[in-house]
Number of protein chains: 2
Amino acid sequence: MKPQIAHNSVDCRHVKQLLNRIGGKWTVLIVTRLSRGPMRFSELKRDISEISQKMLTSTLRDLEEDGFVRRAVTPSIPPRVDYELTDLGHDLLGPLDALGAWAVKNKDRVEEARQRYRALQPGR
Amino acid sequence: MKPQIAHNSVDCRHVKQLLNRIGGKWTVLIVTRLSRGPMRFSELKRDISEISQKMLTSTLRDLEEDGFVRRAVTPSIPPRVDYELTDLGHDLLGPLDALGAWAVKNKDRVEEARQRYRALQPGR
DNA sequence: CCGCATCCGAGTCGATACTG
DNA sequence: CAGTATCGACTCGGATGCGG
């Protein structure tokens, strides 16, 4: 089974890759936290209390891999690791904020649609 | 430069909900197809050949539930079902296209970052 | 033609325990 | 402090078969 997309446009693949990243359960939460400035691992963990250590680590790794986040290790004892957005990460905030603003602005319309839908679908 | 998304607030949930929707494997593909105009179920199925009937059905249901897509049944024989974007769905195209444009524009930077990352991580 | 029901494998998420 | 390792629960997506 190949992840090949029959959709001809090459660009489509990149769009989907990006969506897969930011569509992750924690990605946006982390990126928006970091938009305020560098944070330590434990700060992020404390700030997003519901996240598990594992998911925080792996999400940060993914973001680092794609060049949105920079990881800075200070080999002291105890060790210290800071994370911050790269230029690319900051650039991403633009469209991301736009989407976020849209979601906030239109949440009522979505909510209405959901209630209308449920009203018409007995059971389910 | 400053985060426009209010963290720790109710808004955050709506943003996440939206991302969960459009982060789905097929959502964007379907929405972009429908942006050109109404389409029948079988047209969509044919156009996105790799999608399974199940996923097409369930994704359309999700989009309908959130008010992005309207479903019109013509009870003829054989039956006929058309799907089209609602006004809300069309509005969503704005931020969605912005994100898509960003992905296309910055694909090289992401690609570079990935290669740089891989070069520094032997094995893994 | 449309799409629901069911089963199943693969990947994801998360709690817990352990290391430098 | 900042992770890694492991294992189970859960969810997603695909295949197939049936029904209106």
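Chain letters run A, B, ... following the sequence lines, proteins first and then strands; every chain starts at 1.
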**OP:** Respond yes when some side-chain nitrogen or oxygen of B:W26 is under 4.0 Å from OP1 or OP2 of D:dG14, and no when none is.
**Re:** yes
Original post:
Donor-acceptor pair, B:T27 side chain versus B:R21 backbone, under 3.5 Å?
Top reply: yes
Original post:
Are the side chain of A:T86 and the backbone N or O of A:G67 linked by a donor-acceptor pair below 3.5 Å?
Top reply: yes
Original post:
How many Å lie between CD on B:Q53 and P on D:dA15, as a whole number?
Top reply: 11 Å
**OP:** Indicate yes or no for a side-chain donor-acceptor contact from B:K45 to the backbone of B:Q53 under 3.5 Å, with no hydrogens or angles considered.
**Re:** no
Per-pair distances, 0.1 Å, donor-acceptor, side chain in residues 73-80 of chain A, under 3.5 Å, sequence neighbours excluded:
{"unit_1": "A:S76", "atom_1": "OG", "unit_2": "A:P78", "atom_2": "O", "d": "2.8"}
{"unit_1": "A:R80", "atom_1": "NE", "unit_2": "A:D82", "atom_2": "OD2", "d": "2.9"}

Original post:
Touch check for A:R46, heavy atoms < 4.0 angstrom, all strands: base, sugar-phosphate only, or nothing?
Top reply: nothing
Original post:
For B:K107, which residues count as a side-chain hydrogen bond (donor to acceptor under 3.5 Å, both in side chains) partner, sequence neighbours excluded?
Top reply: A:D11
Original post:
Just how far, in rounded Å, is P of C:dC2 from CZ of B:R40?
Top reply: 4 Å
Subject >> Whole-Å gap separating P (D:dC1) and CG (A:D47) >> reply: 15 Å
Subject >> Any B:R71 side-chain nitrogen or oxygen under 4.0 Å from OP1 or OP2 of C:dG3 >> reply: yes
Original post:
Below 4.0 angstrom from OP1 or OP2 of D:dA2, is there any side-chain N or O of A:S42?
Top reply: yes
Original post:
For B:K54 and B:F41, take the nucleotide of DNA chain C holding the closest heavy atom to each; which residue's nucleotide lies nearer the 5' end?
Top reply: B:F41
Subject >> Interface residues of residues 74-86 of chain A with DNA chain D (non-hydrogen, below 4.0 angstrom) >> reply: A:P78, A:P79, A:R80, A:V81, A:Y83
Original post:
In whole Å, what is the span from the CD1 atom of B:I30 to the C1' atom of D:dG13?
Top reply: 13 Å
Original post:
Taking A:R33 for the side chain and A:L29 for the main chain, is one N or O donor matched with an acceptor at less than 3.5 Å?
Top reply: yes
Subject >> Sugar-phosphate only, base, or nothing, as touched by B:K45 at under 4.0 Å among non-hydrogen atoms >> reply: nothing
Subject >> Bending between helix ends of the helix from C:dC1-D:dG20 to C:dG20-D:dC1 [5 pairs per end, 10° resolution] >> reply: 40°
Subject >> For B:N106, all residues meeting side-chain hydrogen bond (donor to acceptor under 3.5 Å, both in side chains), sequence neighbours excluded >> reply: B:R109
Original post:
Can you check the B:M55 CE to D:dT11 P distance for me, whole Å?
Top reply: 14 Å
Subject >> Sequence-distant partners of B:R114, side-chain hydrogen bond (donor to acceptor under 3.5 Å, both in side chains), two or more places apart >> reply: A:Q17, A:D66
Original post:
With a cut-off of 6.0 Å (strictly less than), are more than 12 heavy atoms of other residues, nucleotides or ligands near CG of B:D97?
Top reply: yes
Subject >> Beyond-backbone contact of A:R71 with A:Y83, side-chain heavy atoms, under 4.5 angstrom >> reply: yes
Original post:
To the nearest angstrom, how far is B:M39 atom CE from C:dC2 atom C1'?
Top reply: 15 Å
Original post:
D:dC12 C1' sits how many Å from B:I51 CD1, rounded?
Top reply: 13 Å
Subject >> Selection from C:dC4, D:dG13, C:dA17 that lies nearest to any side-chain heavy atom of B:T57 >> reply: C:dC4
**OP:** Take atom CG of A:D62 and atom P of C:dT12, then tell me their distance rounded to the nearest Å.
**Re:** 10 Å
